[in-house]
Amino acid sequence: MRASSYKEDPVYEVYYRQQEALVAQLITEDQFESPIELIGGVDVAYDETSNRMIGALVVLDAASLAIVDQAYHEMEITFPYVPGLFSFREVPALKAAFQKLTTKPQLIICDGHGIAHPKKMGLASHLGITLDLPTIGCGKRSLLTPWDKAALAMERAATVPLIWEGEIRGVALRTQPAIKPVFVSIGHRVSIETAIALTLKMSPQYRLPETTRAADQLVNALREKLLRITASEEEE
DNA sequence: GCGACAG
DNA sequence: ATCTTGTCGC
């Protein structure tokens, strides 16, 4: 497991310094009231043509997986996609969506990493600290490559650690037998054990957690609506 | 020097 | 992320 180098673009210096300040507030152990019954999922969609984005947050009942509440926020895109600074792009819209919720979740599973990030400040950690809420990072691809693919057993719940600078920053986790794993890490105020257990609980049937799938569906429906509006304005 | 690089 | 045609399988 090679500890790859991580380059910081001097252009974004101020944001890297901000990440260092945020890491000081990071909590990597369970700190919440049990039981967790309401879990949130997030996703963001983009329309580069209109330079607008939609952040969505869906709240599910952890036992039934039923949707309890949902909210979204549309706004201008204000930050480019830069690997390592992803959270600065998505947090503003997600924070605004969170504030519109009637029923707040007790924890959020994010579409992106937590501390499985070169500076331990992926989207999940940044959002968790911003909202002061427990969060789990659950990405579709690892940012900390490479990982030991051959060591990951085929059965559901199999894991293999993601190592970075000699530390276990997260795990590759198979949520379904023989299916490509997801990459789970501590976001904020949860242990890795809790992060894995809740990710599995919320992924009874598909590769991705139901929270992520629900947020994904909402954001795609909203995006279609946004594109129709953008198109009709261009006709005028 | 080039590549790799969450969504 | 978004774009984008077909294709394989339950």
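In what follows, chains carry the letters A, B, and so on, assigned in the order in which the sequence lines appear, proteins first and then strands, with residues in each chain numbered from 1.
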Kindly say if A/Y81 contacts the phosphate of B/dA6, meaning a side-chain N or O under 4.0 Å from OP1 or OP2. yes
Taking A/P35's backbone N and O only, do any of them form a donor-acceptor pair with A/Q106's side chain (distance below 3.5 Å, no angle check)? yes
Between A/R174 (side chain only) and A/L152 (backbone N and O only), is there a donor and an acceptor less than 3.5 Å apart? yes
Nearest-Å distance, NE2 (A/H113) to C1' (B/dC5)? 11 Å
Classify the nucleic acid contact of A/A116 as base, sugar-phosphate or nothing, counting any heavy atom under 4.0 Å across all strands shown. nothing
Looking at every strand, decide which applies to A/G137 at a 4.0 Å heavy-atom threshold: base, sugar-phosphate, or nothing. nothing
Once you apply a heavy-atom cut-off of 4.0 Å, does A/Y46 come out as touching a base, just sugar-phosphate, or nothing? sugar-phosphate
Nucleotide B/dC5, atom P - distance to CG of A/D9 in whole Å: 18 Å
Which part of the nucleic acid does A/I77 contact within heavy-atom distance under 4.0 Å: base, sugar-phosphate only, or nothing? nothing
Ring centres under 6.0 angstrom apart (A/H126, A/F88): yes
Protein-nucleotide distance (A/I186, atom CD1; B/dA6, atom C1'), rounded to Å: 17 Å
With a 4.0 Å cut-off on heavy atoms, is A/K7 in touch with a base, just the backbone sugar-phosphate, or nothing at all? base
Taking the inter-plane angle between the rings of A/F79 and A/Y12 on a 0 to 90° scale, is it parallel (under 30°), tilted (30 to 60°) or perpendicular (over 60°)? tilted
Side-chain N,O (A/R141) to OP1/OP2 (B/dC5) below 4.0 Å: no
I need the CG-P distance between A/D111 and C/dA1, as an integer number of Å. 7 Å
Figure out the CG/P separation between A/L123 and C/dA1, and round it to whole Å. 13 Å
Just to be sure I understand the rule, does A/G139 reach a base, reach only the sugar-phosphate, or reach nothing, if contact means heavy atoms closer than 4.0 Å? sugar-phosphate
Out of B/dA6, B/dG7, C/dT2, which has the shortest distance to the side chain of A/A45? C/dT2
Separation of A/M121 atom CE from B/dC5 atom P, in whole Å? 22 Å
Remember a base hit wins even if backbone is also touched, and classify A/L144 as base, sugar-phosphate or nothing at under 4.0 Å, heavy atoms. nothing
Would A/F183 pass as stacked on B/dA6, i.e. its ring centre under 5.5 Å from the base's six-membered ring centre and planes under 30° apart? no
Distance below 4.0 Å between A/R223 side-chain N/O and C/dT2 OP1 or OP2: yes
In whole angstroms, the gap separating P of B/dG7 from CG of A/N220 amounts to 14 Å
Without decimals, in angstroms, what is the distance between A/E48 CD and C/dA1 P? 13 Å
Only one of A/T194, A/D132, A/T135 forms a side chain to side chain donor-acceptor pair (under 3.5 Å) with A/R189, so which one is it? A/D132
